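This structure is a prediction, so every number in the text was calculated from the model and none was measured.
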Amino acid sequence: MSQEIRGAEVVIKCLIAEGTHTVFGYPGGAIMPIYDAMYDYKDTFKHILVRHEQGGIHAAQGLARSSRTVGVCFATSGPGATNLVTGLADAMIDSTPLVCITGQVASHLLGTDAFQETDVIGITMPVTKWSIQITKASDIQAAIAKAFYIAKSGRPGPVLIDITKDAQFGMTSFDYKFCTEIRSYNPMPTLKVDALKEAATLINSAKKPYLVIGQGILLSNAEKELLAFVEKSGIPVASTLLGLGAFSPDHNLYAGYLGMHGNYGPNIKTNECDVLIAIGMRFDDRVTGDLSRYAKQAKVIHIDIDKSELNKNVPAEIAIHSDAKGALTELTKWVDAKSHDAWLQEFKDCDKIEHDMVINDAVNPTSNELKMAEVMNKLSEKTKGNSIVVTDVGQHQMITSRYYKYKKHIGNITSGGLGTMGFALPAAIGAKVGAPSEEVIAIIGDGGFQMTIQELGTIMQSKIGVKIIVLNNNFLGMVRQWQELFFEKRYSGTDIENPDFVAIAKGYGIESAKVSVRENLDSALDAMLNHKGAYFLEVVVEQEENVFPMIETGAAVSDIRLN
């Protein structure tokens, strides 16, 4: 019989067995036994102290996405656990695999409103893939094994394990067994070859086929399979926000970026194609606009690993429950080798219109003030699209998605579905930890930066070499744009007075600079990129710059505005 150890040490040994060597967290009374056990594993298990639990879970998200592994974070009970909720919701909707471990009051105190007790399972159930409370040390191993399996299988997502303090102190033997299956849980659907053959027949007969890809391509590592399918079928391909990086923007068949602030052609051609193939995307409202006027002329083929997404928003002629990699491998066998030159030219004609009316002036402005678009265009050129770029939420996010040419499949890390301001700084920390050899650059607005600005302390203490660009327009820019266009410029609650960001960053020991004139932009970006270690660059941009094209709320994708 193996020697018994405390449940707290079991937690650490289980995480190490699962390949976790870095965890983000913040200690407290109810999780103190786990932190005590961690002390003996300092040489093999790294803990990064964040400055707020929300920073911890966003950092775990960044690590998960840059390393394609499961991110892990710790928090204590009560407010520590509730501070994870935003990150859990973000990870849930963006399919990010996480295992979050929270401490809890002793089991005999449950339900007594003890100090720092909350019903964390009840609170987090809607925003987790699975959650469980552990009250016995002997149950910890099986729960952690199950948590990792659920988090990373099928459509990935966050899992939460709440462990009472007495379970952490309790004694149990350690004999870790990996979880490889769970009764009634079937994360990898059986490939339906007949349905794929039917889809291929429909594709082969199409005159104007159109492929829309999402993050499912990246999550299933299907980039090569996607390329083979597209090059054989000759079909134009467009990407959602989270799908950016799955297909090279330099490829002749790349049509562009979809969505509310996406490219002109990919949006309007959605309502002109005859067959629409959607793979690994969920037809969210930012992509579809008015559903009653979305692709009504097209026969839709929808492939997704999450069965609940099929026929949820857009009815499909052929709905295929499958992961992207398997489906594309099989589908490529059955599609005809074709080219659709005339159809592709229609996209290129739209590109010219967009360049003439929007892009040329955005990247080569005649105004005196710097524009966000020119900053991102220059950054893309200087990095050749090879950096991992972590964006926050707002105008800068849309601008970056439009003007940064992502060449890496892990190059785009952002908060998509939930739209979480404050995401980028801690997520960039995690991304750098998960991919230490890569250049990681956080692009943040002045509003979102101040939501998690304290994580500069994490960068300082853990010496994390992330680069930070804050695009400062002294406005909550995206809301201001809507107020300008739809609320008669009644700027209510959107003008923001900011502190001296450079002084703050320097206070955390981070090399810093500020640029506000065009003549200094090149040298400022070069100084940031050439600096070894963390760097903060504030770029003062035009206050009332707007992001176009734009699809208004309630409008159809074909009603996209260019100005």
If only side-chain N and O atoms count, and only distance matters, is there a donor-acceptor pair under 3.5 Å linking [Y] with [X]?
X    : Y    : answer
Y491 : R480 : yes
Y404 : T383 : yes
K348 : N252 : yes
E455 : T458 : yes
N498 : N472 : yes
N364 : E374 : no
Q54  : T452 : no
Q461 : R51  : yes
N386 : E438 : no

Parallel, tilted or perpendicular, as decided by the 30° and 60° cut-offs, for the rings of F74 and Y35: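 Taking F74 first and then Y35, their aromatic rings stand perpendicular (interplane angle over 60°).
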So, for [X] and [Y], which heavy atoms are closest and what is the spacing to 0.1 Å?
X    : Y    : value
H58  : G87  : CE1-CA, 3.8 Å
Y406 : V389 : CE2-CB, 4.0 Å
L244 : S239 : N-OG, 3.0 Å
S66  : A435 : OG-N, 3.6 Å
V466 : V440 : CG2-O, 3.6 Å

Ring-ring centroid check Y210 F347, cutoff 6.0 Å: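 Ring centres of F347 and Y210 closer than 6.0 Å.
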Salt bridge D304-R155, side-chain N to carboxylate O under 4.0 Å: no
Crowding at CD, E488 (>12 non-hydrogen neighbours, <6.0 Å): no
Exceeds 12 heavy-atom contacts within 6.0 angstrom, atom OH of Y26: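 Not more than 12 within 6.0 Å, no.
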